[in-house]
Each structure stands twice: as structure tokens, then as C-alpha cells.
Novice: 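Structure incoming, see below.
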Amino acid sequence: MVAFKSDFLNTLQERGFIHQCSDFEGLDALASKNQVTAYTGYDCTAPSLHVGHLLSIMMMHWLQQTGNKPIALMGGGTTRVGDPSGRDETRKILSYDQIDANKESIKGTFSKFLVFGDGKNDAIMTDNAEWLTRLNYIEMLRDVGRHFSINRMLTMDSVKMRLEREQELSFIEFNYMILQSYDYVELARRHGCNLQMGGSDQWGNIVNGVDLGRRMGTHQLYALTCPLLTTSSGAKMGKTAAGAVWLNAAMLPVYDYWQYWRNVEDADVGRFLKLFTILPMGEIAKLAALQGAEINEAKKVLATEATALLHGRDEAGKAADTARTTFEQGAISESLPTLDIPRSELANGAGVLALFVKAGLVASNGEARRQIKGGGLRVNDVAVADEKMMLTPDHLTPEGVIKLSMGKKRHVLLRPA
């Protein structure tokens, strides 16, 4: 490990956030004097961010905690174009109204991790639509576009991947890296920004911004990326059979979020405690050293601490209590995720496969069949043996619900409405 002068880089290094940096020495010197103003950009492609965004959000959290200033940049402008990074196909073009609605829905997430205000190192939030939508195309080509080499742009992973696979890359997407680079220059001029952070897949775009700043006469700019996170088994972080692990409670119940962290692989517990909680490193080391069945206690701590950061300590405690009630006492808890279904649907008999899909416990009827063969699906804690089983009002418990379970840890209550 490198011995940095700044608390910022030392903290990121010991917690596992650092992948690449354009100039460690220069950035460290600024950070040691609390003179770093850093931004991370978030396009508004959905009504919620997901777990994959948490790494960069936590980097901004530690930036602020060590005396520096974070900028959360909303991509109200760049979302109109669509980032081709990591994509095999063109992103769906969203309407301006949808982009604005997504932006408003996303904004609240950042206040859980950052302190906003007018102080020296208080976070600020801005939107690149403020300058990108006002650009004159000819002036943009003359003032900004002339600094970009097509030869170099063709070597960028986001472009090269599409071309090698002979997949279409639209002209609008080809412009994305120019717009992102220009964002960096604008933030440098408007707010004194001198660092852009992001995932390792953004490295090419970020260093383009550093280079554009040099060519357009800004102060020295820096680039810093975190690793793209995968689980120890190689799976992409933040995906489940039921879909993305969203950060907005309206799109993923708090209990499900808690369960996501409770169910991580044993080998990932120590690493995730460093990245996704603010527990002291000494405490993390003790938890990571637990072996055998005791590792489950460390997973519960991870789940509760990660959930408390996003949803608050009270909601995290409720989720932990629900889990304890469900798994340790075998009771049906009212705070389990609930799916309302028409009472008429049950009256006529509802197919068990379709209900497990509708509940989000499996992704398809085919997966439900495979789970049934392995004894993985249960109704009211009884294994489903027949894929043609129909659920009726006779399956309602005394509490007036039907409990669907996949494995020992994932449950949804069906409630007639």
C-alpha cells in the first residue's frame, strides 16, 4: 500500500475504492490541504439509482468526511444522448418529461450520504442541462470538438467494443464522450472542480475531460476511478433474479434491500463492509475474521449498517427484526414485502408459477419450474411439489395472507384486495 499524505486517499485505499488515478502525487497534495472539489455524474435513465452507483456515492461521502467538497452532477443533458459505455446496443431515447421525472426521483438519494449547504466543504448539486442545452452547435464544434481526435476516440472501449462486434453505434452516442468532457471543463470554471470520479468503465471519458481542460486553459484536472464491482463468484454486483437492486424504497422495499446484503457470499463480507458501511476498520477486521456459521452474524451487521445508511437506522432495525421474526421464530411478519392481488383472481384459482413470477421471487415460469424440482419454492412454508398447483382462498392463513418463499431467506406475502 502507498503511504499518502491525505486522509482522503488513505481512506479510499484502505477501504478498496481505488482503481486508477491520473496523478496520485498531485491529487494527494491537493487533498492534504483540503483543496479537492470532485464530481461524479449520474444520468437519469431510471427513476432510481441502483447498488452499482453506491461505490461512487460512497467515494463522495469519504471525500466530504475528509474535508473536501463533492459535487453531485445530474445528467439532465447527457441523458438526452445516452452513454454507450458498457452497452451492446443503443440506450432507449427518453422523453424530456421522463428524464425530468427521473431526475427528481433520484435527487433525494444523495442527501442520505452527503451534507448539502453553503459551507466550504458542503456538497452541491447541479445539472448539466444548464449548459449543454444552451450550446450552439457550430460554436461547440469550433471551441470544443476541434480538440478531439477521431483516431483516439475510436480506441475508447465504449466505441471499440461496438465496432468489433459489428454493432451499430449511433452518431448521437459517439458525441457522448465530448459532452462528458465538456461537463468537466464547465464544472472547473463554475465551481473550481479539479477531480472527476467514477467507475473504471468511465476512465476513457474522464481522462478525455482532463485533456480537454488542459487544451481549453483550465487549472490542472485529475481523474480517479473505482473498480467495477463483481461478487467473488464473478457475478455483476447489484443484479438479482428479480431485477436491479434499486436505492429508492418505492422501487425496492427496505426489507428486500436488507435481505440483499444479508444474502451476499461469505467471501464478500469483509470487502463489502469496507465499501458500503462507515464502520471503523478495526471493527470490520473482527467481523471479517469470523468463520463458519458465525459469518452470518457479520452478514447481519453488513445488512443493517448498509440499510441504515440509505434508509435510516429505524427502518434498518425494522428490517432486521422482521428477518429475526420470520427466520428464527417461524412466524409470518406483517412487515414482509406484500403484493396485493385481486380477490377474484384467487377465487377462480391462480397458478402458482405465475404468482411466484408476479411476486418477483423468480424471473420466469421456467425458473419457477426448476426451483420446484429442487424443492426451492414453498407456499405457507410447505414445499411446492406440483407446478400446476392452483392457489385459492383455502390457502389463506389466519392472518389473511399467503406466504410465498424461495429458499430460506426470500419471502413475499400475497394479500387479496
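Numbers here simply count residues along the sequence, with the first being 1. Predicted, not measured: the structure shown is a model, and the values here were computed from it.
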Novice: Side chains of Tyr260 and Leu252: does their closest heavy-atom pair fall under 4.5 Å?
Specialist: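 Side chain of Tyr260 against side chain of Leu252, heavy atoms only: no contact under 4.5 Å found.
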Novice: Between Gly76 and Ala129, which heavy-atom pair has the shortest distance, and what is it?
Specialist: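 Closest approach of Gly76 to Ala129: C-CB, 3.8 Å.
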Novice: Can you tell me which residue among Thr78, Thr45, Leu94 is in a side chain to side chain contact (heavy atoms under 4.5 Å, CB included) with Ile99?
Specialist: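 Exactly one candidate clears the test, Leu94.
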Novice: Would you name the heavy atoms of Leu302 and Trp261 that are closest together and state the gap between them?
Specialist: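 What the structure gives for the nearest pair is CD2-O, 3.8 Å.
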Novice: Taking the basic N atoms (NZ, or NE/NH1/NH2) and the acidic carboxylate oxygens, is any pair closer than 4.0 Å for Lys69 and Asp122?
Specialist: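 Answer for the salt bridge query: no.
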Novice: Answer with yes or no whether the side chains of Asp183 and Trp131 bring together a donor and an acceptor at under 3.5 Å.
Specialist: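 On atom types as modelled, these side chains qualify, holding a pair under 3.5 Å.
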Novice: Count the heavy atoms of every other residue, nucleotide or ligand shown that sit under 6.0 Å from CZ of Arg271, and state whether that count exceeds 12.
Specialist: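 Above 12, so yes.
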Novice: Side-chain contact test, heavy atoms from C-beta onward, threshold under 4.5 Å: evaluate it for Gln202 versus Gln180 and give yes or no.
Specialist: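 With C-beta onward as the side chain, the pair touches.
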Novice: For Cys226 and Leu55, which heavy atoms make the closest approach, and how far apart are they?
Specialist: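 Scanning both residues completely, I find the closest heavy atoms to be SG-CB, 3.9 Å.
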Novice: Hey, does the side chain of His53 reach the backbone of His50 with a donor-acceptor pair shorter than 3.5 angstrom?
Specialist: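 At least one qualifying donor-acceptor pair exists.
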Novice: Please give me the minimum heavy-atom distance between Leu377 and Val362, naming the atom from each residue.
Specialist: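 Closest heavy-atom pair between Leu377 and Val362: CD2-CG1, 4.3 Å.
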Novice: For a quick test of reading the model, state the closest non-hydrogen atom pair linking Leu391 to Leu414 and the distance between them.
Specialist: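 Distance-wise, the nearest heavy atoms are CD1-CD1, 4.3 Å.
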Novice: Which pair of heavy atoms, one from His219 and one from Ala188, lies closest together, and at what distance?
Specialist: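 For His219 versus Ala188, the nearest heavy atoms are CE1-O, 3.4 Å.
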Novice: When you measure from the side chain of Arg146 to the backbone of Arg142, do you find a donor-acceptor pair of N or O atoms at a distance under 3.5 Å?
Specialist: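 Indeed, once roles are kept as given, a pair shorter than 3.5 Å links the two residues.
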Novice: For the backbone of Leu247 and the side chain of Ser48, can you confirm whether one donor and one acceptor N or O come within less than 3.5 Å of each other?
Specialist: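 Present.
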Novice: Could you verify whether a donor N or O on one side chain and an acceptor N or O on the other, from Asn68 and Gln64, lie under 3.5 Å apart?
Specialist: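 No, no side-chain donor-acceptor contact under 3.5 Å.
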Novice: Check each of Asp43, Asp97, Asp127 against Lys103 using the salt bridge (charged side-chain N to carboxylate O under 4.0 Å, His left out) test, and report the only one that passes.
Specialist: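 It is Asp127; the other options fail the test.
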Novice: Is there a donor-acceptor pair closer than 3.5 Å between any side-chain N or O of Ser105 and the backbone N or O of Pro47?
Specialist: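 Yes; judged by distance alone, with no hydrogens or angles, the pair exists.
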Novice: Using side-chain heavy atoms (C-beta onward) and a distance below 4.5 Å, is Cys21 in contact with Phe24?
Specialist: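 They are in contact (side-chain heavy atoms under 4.5 Å apart), so the answer is yes.
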Novice: Would you say Tyr39 and Met197 make side-chain contact, with heavy atoms under 4.5 Å?
Specialist: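 A side-chain contact is absent here, since even the closest heavy-atom pair is not under 4.5 Å.
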Novice: With a 4.5 Å heavy-atom cut-off, do Leu30 and Tyr222 have their side chains touching?
Specialist: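 Yes, at least one pair of side-chain atoms sits under 4.5 Å.
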Novice: Run the salt-bridge test on Lys299 and Glu265 with the 4.0 Å N-O cut-off and return the result as yes or no.
Specialist: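 Looking at Glu265 together with Lys299, the answer is no, because their closest N to O distance does not fall below 4.0 Å.
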Novice: Within the distance-only criterion (no hydrogens, no angle test), does the side chain of Thr79 pair as donor or acceptor with the backbone N or O of Cys44 below 3.5 angstrom?
Specialist: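 Confirmed, Thr79 side chain pairs with Cys44 backbone.
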Novice: Check the surroundings of atom CZ in Phe116: do more than 12 heavy atoms from other residues, nucleotides or ligands lie under 6.0 Å from it?
Specialist: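 Counting neighbours around CZ of Phe116, more than 12 heavy atoms of other residues, nucleotides or ligands fall under 6.0 Å, so yes.
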Novice: Quick one: CD1 on Ile124 to CG on Leu114, what's the gap to the nearest 0.5 Å?
Specialist: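 The CG atom of Leu114 is 11.5 Å from CD1 of Ile124, to the nearest 0.5 Å.
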Novice: Taking Asp268 for its side chain and Val264 for its backbone only, find out whether a donor-acceptor pair lies under 3.5 Å.
Specialist: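 Side chain of Asp268 to backbone of Val264: no pair is present.
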Novice: When rounded to the nearest 0.5 angstrom, what is the spacing between CD1 in Ile57 and OH in Tyr42?
Specialist: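 Going from CD1 on Ile57 over to OH on Tyr42, the span is 4.5 Å.
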Novice: Decide salt bridge (charged side-chain N to carboxylate O under 4.0 Å, His left out) for Glu305 and Arg313; before the verdict, give the C-alpha distance in whole Å, the side-chain angles of both, and the deciding distance to 0.1 Å.
Specialist: CA-CA 8 Å; Glu305 293 300 317; Arg313 183 66 58 183; 2.9 Å; yes
Novice: For Arg214 and Val210, indicate whether the former's side chain and the latter's backbone hold a donor-acceptor pair under 3.5 Å.
Specialist: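 Such a contact is absent between Arg214 side chain and Val210 backbone.
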Novice: Do Asp28 and Lys5 sit within salt-bridge range, that is, some charged N less than 4.0 Å from a carboxylate O?
Specialist: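 Salt bridge flag = no for Lys5 with Asp28.
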Novice: Check this for me: does any side-chain nitrogen of one of Glu104 and Lys107 sit under 4.0 Å from a carboxylate oxygen of the other?
Specialist: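 Yes, this pair counts.
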Novice: Taking the side chain as every heavy atom from C-beta outward, state whether Ile178 and Met140 have any atom pair closer than 4.5 Å.
Specialist: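 A side-chain contact under 4.5 Å exists here.
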Novice: With the side chain counted from C-beta on, respond yes when Leu224 and Gln20 share a heavy-atom pair under 4.5 Å apart, and no when they do not.
Specialist: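 SC-SC contact between Leu224 and Gln20 ruled out.
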Novice: Say whether Asn194 and Thr37, considering side chains only, have a donor N or O and an acceptor N or O under 3.5 Å apart.
Specialist: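 Short answer, no.
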Novice: Given 3.5 Å as the limit, does a donor-acceptor pair link the side chain of Glu367 with the main chain of Ala363, or not?
Specialist: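 Side chain of Glu367 to backbone of Ala363: a pair is present.
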Novice: Before accepting this row, confirm whether a basic side-chain N of the pair Lys300/Glu297 lies closer than 4.0 Å to the acidic partner's carboxylate O.
Specialist: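 Looking at Lys300 and Glu297, the cut-off is met.
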Novice: Can you tell me how far the CG atom of Leu54 sits from the CG atom of Leu310, to the nearest 0.5 Å?
Specialist: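 Going from CG on Leu54 over to CG on Leu310, the span is 7.0 Å.
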Novice: Between Met216 and Arg189, is a side-chain contact (heavy atoms from CB on, under 4.5 Å) present by the stated rule, with each step listed?
Specialist: CA-CA 11 Å; Met216 296 187 72; Arg189 291 171 172 172; 3.7 Å; yes
Novice: Could you walk me through whether Ile278 and Met58 pass the side-chain contact (heavy atoms from CB on, under 4.5 Å) test, one step at a time?
Specialist: CA-CA 9 Å; Ile278 57 174; Met58 290 302 295; 4.1 Å; yes
Novice: Can you tell me how far the CG atom of Asp256 sits from the OG1 atom of Thr307, to the nearest 0.5 Å?
Specialist: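 Here the rounded value is 10.5 Å.
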Novice: Tyr184 and Gln196: side-chain donor and acceptor closer than 3.5 Å?
Specialist: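 The answer is no; no qualifying pair exists.
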Novice: Take Asn128 and Glu186, measure what side-chain contact (heavy atoms from CB on, under 4.5 Å) needs, and give me the verdict at the end.
Specialist: CA-CA 9 Å; Asn128 60 21; Glu186 278 289 329; over 6 Å; no
Novice: Test your reading of the model: is there a side-chain donor-acceptor pair from Asn136 to the backbone of Glu139, 3.5 Å cut-off?
Specialist: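 Present.
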Novice: Between the side chains of His411 and Ser405, is a donor N or O closer than 3.5 angstrom to an acceptor N or O?
Specialist: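 Yes, side-chain donor-acceptor contact under 3.5 Å.
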Novice: Considering residues, nucleotides and ligands other than Lys286, do more than 12 of their heavy atoms fall under 6.0 Å from its NZ?
Specialist: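 No, not enclosed.
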Novice: Does any non-hydrogen side-chain atom of Thr338 lie less than 4.5 Å from one of Leu336?
Specialist: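 Leu336 does not reach Thr338 side chain to side chain.
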Novice: Should Asp321 and Lys318 count as an ion pair when the cut-off is N to O under 4.0 Å?
Specialist: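 Looking at Asp321 and Lys318, the cut-off is not met.
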Novice: Consider only side-chain N and O atoms of Asn248 and Tyr257, and report whether a donor and an acceptor are under 3.5 Å apart.
Specialist: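 No, Tyr257 and Asn248 have no side-chain donor paired with an acceptor closer than 3.5 Å.
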Novice: List the steps, then state whether side-chain contact (heavy atoms from CB on, under 4.5 Å) holds for Leu287 with Val269.
Specialist: CA-CA 8 Å; Leu287 289 166; Val269 174; 5.8 Å; no
Novice: Any chance you could measure Phe4, atom CZ, to Leu9, atom CG, to the nearest 0.5 Å?
Specialist: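 Answer rounded to 0.5 Å: 5.0 Å.
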Novice: Could you grab the distance from atom CG of Leu132 to atom OH of Tyr182, nearest 0.5 Å is fine?
Specialist: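 Going from CG on Leu132 over to OH on Tyr182, the span is 8.0 Å.
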Novice: Taking Ala223's backbone N and O only, do any of them form a donor-acceptor pair with Ser22's side chain (distance below 3.5 Å, no angle check)?
Specialist: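 Yes; judged by distance alone, with no hydrogens or angles, the pair exists.
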